[in-house]
Amino acid sequence: MARHNREGKGTDQRGFSYHVSYQPDWLRHVKVTRVLDSGRQSTMTLFRNPQEHRERSPGPRIRTRIRCPEQELDLEVVVADGDRAVHRVQVACTVPGAAEGAQEEEVVFTFENALPPRDEVAP
């Protein structure tokens, strides 16, 4: 049986704060990708699960929610994965520009699963 979601937080390249609700036995980390003012694409880890392994099966439905009130962002990703075949999910969304009057920009969130079971973790 899957466990209840946990809460975490992180900060992106522009200094925006995010709240992450995640399933502790599935999510390894969330990365955020955006284009900086210089035109360069930047990807960074927004949040990393503090656990090194999973305690239980993550269950057939994986739910992850990200909220950033500063950017008026509130998204939830729900994946039906009864066969446990999903390793990565990417979601691209549009958020208000960082500067006042700036155009909207695209932000890509990558959710990755890589938590091994307890018996696969080296001592």
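What you are looking at is a predicted structure, and each value in this text was computed from that prediction instead of being measured. Throughout, numbering of the chain's residues begins at 1 and tracks the sequence.
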query = Do Q23 side-chain atoms and D25 backbone N/O form a donor-acceptor pair below 3.5 Å?
reply =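 Side chain of Q23 to backbone of D25: no pair is present.
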
N49 (side chain) donor-acceptor with L27 (main chain) under 3.5 angstrom =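 Flag set: sc N49 to bb L27 pair under 3.5 Å.
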
inquiry  = Does F111 form a side chain to side chain contact (heavy atoms under 4.5 Å, CB included) with V79? I'd like the steps, not just the answer.
reply    = CA-CA 11 Å; F111 306 90; V79 177; over 6 Å; no

Closest non-hydrogen atom pair, R54 against L115 =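 In terms of heavy atoms, the two residues are closest at NH1-O, 2.9 Å.
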
ask   = At their closest point, which heavy atom of E52 faces which heavy atom of P116, and how far apart are they?
value =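 Looking at all heavy atoms of both residues, the closest pair is O-CD, 3.5 Å.
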
Going by heavy atoms in the side chains, are [X] and [Y] under 4.5 Å from each other?
X: K31; Y: M44; answer: no
X: S42; Y: V35; answer: no
X: V32; Y: V107; answer: yes
X: I62; Y: V78; answer: no
X: P69; Y: H19; answer: yes
X: R65; Y: D74; answer: yes
X: E105; Y: L36; answer: no

query = Is V77 linked to V95 within one hydrophobic cluster, defined over Ile, Leu, Val, Met, Phe, Trp and Tyr using a side-chain heavy-atom separation of less than 4.5 Å?
reply =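 Hydrophobic grouping puts V77 with V95.
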
task = Identify whether V89 and Y18 are in the same connected component of the hydrophobic contact network (ILVMFWY, side-chain heavy atoms under 4.5 Å).
result =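 Yes, same cluster.
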
request  = Quick one: which residue pairs count as a salt bridge (Lys or Arg N to Asp or Glu O under 4.0 Å) with a foot in residues 35-48, not counting sequence neighbours?
outcome  =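 Non-adjacent pairs meeting salt bridge (Lys or Arg N to Asp or Glu O under 4.0 Å): R14-D37.
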
query = What pairs of residues pass the salt bridge (Lys or Arg N to Asp or Glu O under 4.0 Å) test when at least one of them lies in residues 82-97, not counting sequence neighbours?
reply =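 The answer is R88-E112.
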
With rounding to the nearest 0.5 Å, note down the distance linking [atom1] in [X] to [atom2] in [Y].
X: C93; Y: L73; atom1: SG; atom2: CG; answer: 5.0 Å
X: E72; Y: R67; atom1: CD; atom2: CZ; answer: 14.5 Å
X: L46; Y: T11; atom1: CG; atom2: OG1; answer: 7.5 Å

message = Quick one about Q51 and H53 (side-chain donor to acceptor, distance below 3.5 Å, no hydrogens or angles considered), yes or no?
response =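 Checked: H53/Q51 side chains show no N/O donor-acceptor pair below 3.5 Å.
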
key: Check: Q90/T110 side-chain N/O donor and acceptor closer than 3.5 Å   =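 Yes, because at least one side-chain N or O of Q90 sits under 3.5 Å from a partner of the opposite role on T110.
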
ask   = For E70, which residues count as a side-chain contact (heavy atoms from CB on, under 4.5 Å) partner, sequence neighbours excluded?
value =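 Per chain and number, E70 pairs via side-chain contact (heavy atoms from CB on, under 4.5 Å) with F16, S17, C68.
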
NZ/NE/NH1/NH2 to OD/OE distance under 4.0 Å, R63 and E76 =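 Salt bridge between R63 and E76, a charged N being under 4.0 Å from a carboxylate O: yes.
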
key: Presence of salt bridge, D81 and R61, under 4.0 angstrom   =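 No, this pair does not count.
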
List for me each residue that meets side chain to side chain donor-acceptor pair (under 3.5 Å) alongside [X], sequence neighbours excluded, and say none if there are none.
X: E7; value: S21
X: E106; value: none
X: R28; value: none

key: F47-F109 aromatic ring centre distance below 6.0 Å   =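 Here the rings of F109 and F47 have centres that are no less than 6.0 Å from each other.
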
